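For clarity, every value in this text was computed on a predicted model and none was experimentally measured. Reminder, nothing fancy here: chain letters follow the sequence lines and each chain counts from 1.
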Amino acid sequence: MFLSSHLCPLSYSSLSLFLDSLSSPLSCLALPWLEITYETTDGKKFTVQGKEGDNLLDIVINNDVDLDGFGACEGTLACSTCHLIFKKEDFDRIEEPSTDEELDMLDLAYGLTDT
Amino acid sequence: MLLRLGISRWAACRLSTSAATSTAHVPKVCIVGSGPAGFYAAQQIIKSHEAAEVDIYEKLPVPFGLVRYGVAPDHPEVKNCINTFTQTASKNRVTFLGNIDIGSDVTFSQLRQAYHAIILAYGNAKDRKLDIPGEELSGVLSARQFVGWYNGLPEDADLKVNLDVESVAVVGQGNVALDVARILLTPMDMLRKTDIPENVLACLDKSQVKYVTLIGRRGPQNVAFTIKELREMVNLPGCRPNLIAGDYQHLKDLIPSLPRPRKRLLELLAKTALDTPAPALASAWASAQKEWRLRFLLSPVEVLAGADGQTVSGLKLAHNRLEGDGDNQRAVQTEETESLECGLILRSIGYKGVPIDSSLPFDHRTGTIANDNGRVKGHNGVYVSGWIGTGPVGVILSTMTSGFTSGKMLVADINSGQVDVSSARGGKEEVLDILSKKDKKPVTFSDWNRLDKFETEIGAKLGKPREKVTNIQKMIDISHD
């Protein structure tokens with residue numbers, strides 16, 4: 001599985017949903033660990049492991065992944081240094097709507113998109 | 001697309017250390033200021049250079065600048081970046097030197113001598129004045145001082161704030177203006193859980209303030225605050241908005257064409273002013289005892305004194321009309337005036353930096369040091385990070401980006417030879433030598449840990465994150481204990 005993201009989740013809720021959806025083909029093999037690949041825009045790849053239900057920020061921190069600039073507020077939804085941009089079709093699969101407070105923070109994010 | 005560009009710019013600047021440095025001397029870098037602009041720059045330098053040593057100088061005996069003294073006490077999660085700064089400070093190649101004032105204890109030129117490169121990250125220490133008659137009355141304070149007061153900043157800890165007044169005018173409509181309004185209007189049981197000092201809580205507890213009016217010289221489309229802070233005001237318990245519907249009608253036509261952040265902000269503003277609130281909010285507003293108000297197209301022209309000639313009784317405001325379009329819209333004063341009754345005026349029309357040395361290219365109009373993407377003009381090896389270079393704009397994310405950019409720039413300049421590291425520099429040893437001749441002992445990071453522990457222990461007993469020590473000598477004594 002491949003995750004082309006330099007950044008981390010703004011929202012725990014949407015993230016765990018995201019990981020859930022990623023993990024479903026694996027969970028039938030009863031694998032508790034997931035392999036996550038982070039790729040930076042200069043092409044560096046970091047493949048690390050995380051558990052189902054972890055969020056991407058924790059996985060970055062737990063594995064000391066060498067990314068620039070993330071996690072200023074430590075996942076408390078108080079900044080937007082971490083945020084994800086989904087493909088439209090993945091975004092549409094997230095059932096839980098974004099809260100106003102989450103959207104408020106995203107308004108300040110770099111590279112803001114609708115997804 | 002924007003995101004891609006943003007990241008590749010960051011990524012492209014990540015340079016590995018060139019082989020040249022192994023034959024050169026260890027680059028010695030100092031940073032003036034230990035707020036986020038300083039710490040994020042330090043973090044970047046340590047990360048992208050394998051040998052550079054970074055010394056962070058701080059005027060106060062405690063680190064973290066505006067994260068400790070500016071971020072609102074009811075936004076504790078924003079202060080979480082302190083944990084990252086603490087990690088940076090614990091690295092072998094990073095040294096924190098608190099209680100050292102650059103300009104008096106050590107001069108800028110002495111730092112130039114002692115270090116290969118300098119990052120100026122000392123932020124904005126002053127604020128803009130209204131320059132109107134009556135501004136010197138005791139009931140006129142700068143929001144900067146007021147923020148310092150409720151955050152336990154030593155220089156403002158004993159500020160005389162008279163909250164025995166019903167109505168407060170805040171001049172300005174940025175996030176600082178909303179922060180001070182919110183602190184004035186938030187229920188005490190919420191404030192007691194924050195790290196607002198006990199003496200300030202006691203004063204807020206006796207506050208008679210019911211109405212806070214935020215005054216802007218332009219229209220609602222020009223407000224500078226961000227949506228998070230506005231939404232907090234809309235939902236503030238025990239408090240209702242009092243907005244004049246007529247001020248917002250034109251927004252409906254303007255909103256559709258705006259980019260998302262501006263659009264959502266003005267939508268919330270227009271909705272709050274014009275629409276019927278949901279039942280729960282409606283009943284909360286109906287029972288509220290306090291009010292916040294926004295007024296537009298007004299410029300303060302005179303502070304009105306009470307009968308005693310000392311206290312404030314009101315603020316005389318000139319009506320403005322707007323000229324021009326879009327971002328270039330400017331307010332032009334008319335002859336028409338009105339008076340706003342108030343007993344306290346907080347001016348919140350912007351912070352500005354001060355020069356640290358006369359040799360630096362300081363722009364007095366903007367209160368910033370002239371720089372080219374972080375490089376100080378005409379001073380090879382001198383950089384700015386954060387508000388001293390950009391002016392007081394943006395949230396912590398902007399300062400993080402500024403710190404990283406300057407840090408990368410500096411490392412790139414070392415690697416390219418632009419910053420000459422061929423000769424050895426004395427670094428902190430040289431500076432400590434200067435300081436010891438003046439009997440000046442810096443506060444180290446482990447000293448700060450002692451004070452931090454002291455403050456959090458007292459705070460725990462009071463049911464709050466910390467109780468700040470606000471007296472400089474006491475801070476030093478506990479730190480050096």
What distance do [X] atom [atom1] and [Y] atom [atom2] have between them, rounded to the nearest 0.5 Å?
X         : Y         : atom1 : atom2 : result
Glu232(B) : Asp104(A) : CD    : CG    : 9.5 Å
Glu101(A) : Asn235(B) : CD    : CG    : 7.0 Å
Ile396(B) : Ser80(A)  : CD1   : OG    : 11.5 Å
Ile227(B) : Asp100(A) : CD1   : CG    : 7.5 Å
Lys228(B) : Cys79(A)  : NZ    : SG    : 9.0 Å

Relative to chain A, which segment of Val395(B) carries a heavy atom at a distance below 4.5 Å: side chain, backbone, both, or neither?
side chain

Residue Phe85(B) versus chain A: region with a heavy atom under 4.5 Å:
neither

4.5 Å side-chain heavy-atom contact, Leu108(A) and Thr226(B):
yes

Residue pairs, two or more places apart or on separate chains, that pass salt bridge (Lys or Arg N to Asp or Glu O under 4.0 Å) and touch residues 106-115 of chain A:
Asp107(A)-Arg260(B), Asp107(A)-Arg264(B)

A quick test of your reading: do over 12 heavy atoms of other residues, nucleotides or ligands sit less than 6.0 Å from CG of Asn92(B)?
no

Heavy-atom pairs under 4.5 Å with chain A: which of Asn83(B), Thr84(B), Leu265(B) has the most?
Asn83(B)

